Peer 1: 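This is the structure I want to talk about, given as structure tokens.
Starting from 1, each residue takes its place in the sequence as its number. Keep in mind that what you see is a predicted model, and the values were worked out from it rather than measured.
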Amino acid sequence: MTVSNTTLSTASGTFLSILPNLNSEDVLKTVLLAVIGAVVSFTLSFVFKILIAKYRR
């Protein structure tokens, strides 16, 4: 898959226009929420896998 110059320019321009409006607190909050979401998702998947394995026995 190739990325055209227009697509790359649009994505870069969008990123650069958003960049000055980001606060370090917003980035930290986003990272923290992503970590919490990943941990919850992994934990629930693991628990459901165990429950399904016990149910099938």
Peer 1: Distance check, rounded to the nearest 0.5 Å: F46 atom CZ versus L51 atom CG?
Peer 2: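 So the CZ of F46 and the CG of L51 are separated by 10.5 Å.
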
Peer 1: Keeping the roles fixed (side chain from S45, backbone from S41), state whether a donor-acceptor pair exists under 3.5 Å.
Peer 2: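 Present.
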
Peer 1: Pick out which of T14, T10, L8 makes a side-chain contact (heavy atoms from CB on, under 4.5 Å) with S12.
Peer 2: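 It is L8, the one option of T14, T10, L8 that forms the side-chain contact (heavy atoms from CB on, under 4.5 Å) with S12.
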
Peer 1: CG of N21 to CD1 of I18: how many Å apart, nearest 0.5 Å?
Peer 2: 8.0 Å

Peer 1: So, taking the atom named NZ in K49 and the one named CG in L44, what distance separates them when rounded to the nearest 0.5 Å?
Peer 2: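 Here the rounded value is 14.5 Å.
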
Peer 1: Do F42 and I50 sit in one hydrophobic cluster, given that two such residues count as connected whenever their side-chain heavy atoms are within less than 4.5 Å of each other, even indirectly?
Peer 2: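 They do not share one cluster, since no chain of ILVMFWY contacts under 4.5 Å joins F42 to I50.
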
